[in-house]
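Values below: all heavy atoms of this structure, side chains included; hydrogens, waters and symmetry mates excluded. Atoms within each ligand, like the ligands themselves, are counted from 1 in listed order.
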Amino acid sequence: MALSLLALVASVVVAVGHPTMMAAVETRPAKMARLSRLRGTLPQMSQTALAALLAAAKEAPLPDVSRRADVREAKQLAARTLTPYGPVHAQLPMLCHSGAVKLVEVQSPWPMLHLACQTSEGFSSFISDLCGNVGAPTIQSPWGLIMYSDEVDPGDPLMGKHGRKYQAVYWSILEFGASALSEEELWFTFCTVRSVVVRQMVGGMSALMACLLRHMFHGVHSPSDAGILIDLGGLQIRFFFELRQMIGDELALQQLNCHRGASAEVPCMFCMNVKSKRSIDVLHDRAGYFVLVTCVDCEKFKFHSDVTIRKIAFDLRDRSSVETKEGMKTLQKQLGYSYIPNSLLLCPVLKYKPATLTVYDWMHCFLVDGVFNITVGQTMAVAHKLGVSYKNMASFVATWSWPRRLTQKGAIGKDLFKPSRIATWRKEQKFKCSASEALSLYPVMAAFLQMESTRLGLAENPAFAVLYLCCDVLDHLLCIPRGTCTPEGLAEAIVSFLRLYKLVFGEKHWTPKFHSILHLPRMLAEHKVIIPCFVAERKHKEGKRIAGYLHNTSVDFERSLLEDITSNHLHALRDFVVKPRICSGIARCSETLLAQLQASFPDAISLQVGKRAKFNQFNETEVGDIVLAQIGNHVVAAEICGAIVADGAVFFLVSKLKLISSEKRLSKWQRVGQELRLLEGVSILGPCVHRNDGDVVVVIRCV
Ligand SMILES: [Zn+2]
């Protein structure tokens, strides 16, 4: 229904927008009345969508098709495109409990990669530049693939139904680097299958992932032996790939690896001797083999290997035919793993390596009902007894300004501190917010406690020290993309934090996530880079939006949703540019400024001026932001007053600040006059959270 009426909008817009002679004599009130009538005849759509459609109709005549079938055909165009590696979409057979075979719609990785490189000049040149920088893949040293899976709930606010919940699987290439992997466009959507459908399949999510990996690596075109030939704007390169990382939240990793989960008696899939807090095995264990999940001495853990985990899976399969139901239950409980037929672990073709490939997502471990949320809750419970409340924190947080880009996205968490929420946080002794809000707030919260504890003469209070150490760990994790976080440094930060936490707050609120973070340094050492899943959370939003519009959830849901996602992704890739550039221009440049710029860049062939620009491949800053920059051995702070691109190189017009004092997290800077200087984009470390105290700018160190 929605689609056919959308087509109707198109035809109506042509009738409304094109007689320009009529528009010339039509008064504004008359135009508004006509627009209002038009809106009234159309199905509900966002103002942005209608405005964009009206603008498109003004630019060029709309296509001369209007049937709902036409709109659907246009949407299917990308999915049905035939490449040398087959059509972009394929259907894979999955065995169901009923004995029937269900065909699952997937976006085939190699045809999609081929088409994406063909469609997007920016994407194709990004990959060819990368081949120059890190070396093209060869059969001996293939590039690594990273897979992410998660359950997404588009919800149904009117019906309270969750029939549209679906399992999303995304993939990308690790050689893109940690910064690039925070861009949604660089992750491909393998499939979006409703959870109810996944539950009907023998082996559920683990079997579905096994099927996807077989399609990826053991299909007609093998990326590990023959390679995938891709045309990068005339440069033909054969790409070889291997699977290197599987990431996701705890539930997703648990489903894939047939592990019984964090709440089971053996709460960690990597440690065979770690037992849950309520386990009595540790009490009866005289040999000292078992340790509790609250242990922070990594030397005591007995780690599983790929071989031991797979052996458990095969043993359970063999025992399932001879053991009683009760016997199987006990066995699975003791081992911490479940027998799931058709699972990833049992696939003879894939020879899956669960211990090597599985990587925890530190965002979920720390920021989603995680270690950070609990630590803040515990620290504030102590602070409250000393007369420092969340209300005081709210007034402190309100005085800070975040980089404008973050403020516009609404992910800074400044408005979180409402009385009803504060009451819940205090009651549950847990700070509740979204992961991106926690990420924006944590440096300011640390600064608050630092300042308050100094004011109260409690600088050495161990409860505050626990939270600082937790923030230190987050600082380390955020340094991973810059390559300045070593596994040894991370391990030291995590162990110091956990030891003090246990000493100060005890084990009552200790969850399995506190144990999970002990595995992060090893994962960093083995994989060189570990990726937080903020990007996946953002990517889910598009799927949720489309799924929310799909009225019929019983037939062709998977195909319809994935067709839209594929089509939208290719459109987004068309505009994909990674080079430093102006992102938001200005309408007019004053003559004085123009004269100054021409004097500064006398040989420049092209000069562009703007309000917002990318200072490196993926990060941007804009007028009003305070940035820290590295000049030689010194770090300087400056306020952005404009952006300039001269023959492809990015510069910023800045007003420099003079350093007054610097502490661990905070530095104070003095404004010195109005004189503007030029700052090279490459020297910028990043925009910072800051506060204006008269002429003094207090800056929170960006990590
Ligand atoms: Zn463990």
* Asked: Taking the six-membered ring for Trp, is the centroid-to-centroid distance between Tyr170 and Phe190 below 6.0 Å?
  -> no
* Would you say the side chains of Gln255 and Glu151 form a donor-acceptor pair under 3.5 Å? -> no
* Sequence neighbours excluded - side-chain hydrogen bond (donor to acceptor under 3.5 Å, both in side chains) pairs with any residue from residues 197-206 -> none
* To do: Please work out which of the three classes, parallel, tilted or perpendicular, describes the rings of Tyr148 and His540, given edges at 30° and 60°.
  => tilted
* For residues 362-384, which residue pairs qualify under side-chain hydrogen bond (donor to acceptor under 3.5 Å, both in side chains), counting only residues two or more places apart or in two chains? -> Asp361-His364, Asp369-Lys430, Gln378-Gln429, Gln378-His509, His384-Arg426
I'd like a table of donor-acceptor pairs (distance under 3.5 Å, sequence neighbours excluded) in which one partner is a side-chain atom from residues 292-302, with atom names and distances.
unit_1	atom_1	unit_2	atom_2	d
Thr294	OG1	Glu507	OE2	3.4
Asp297	OD1	Glu299	N	3.3

* Around the Zn ion (ligand 1), list the protein N/O/S atoms within a radius below 2.8 Å, excluding water molecules. => Cys268 SG, Cys271 SG, His515 NE2, His519 NE2
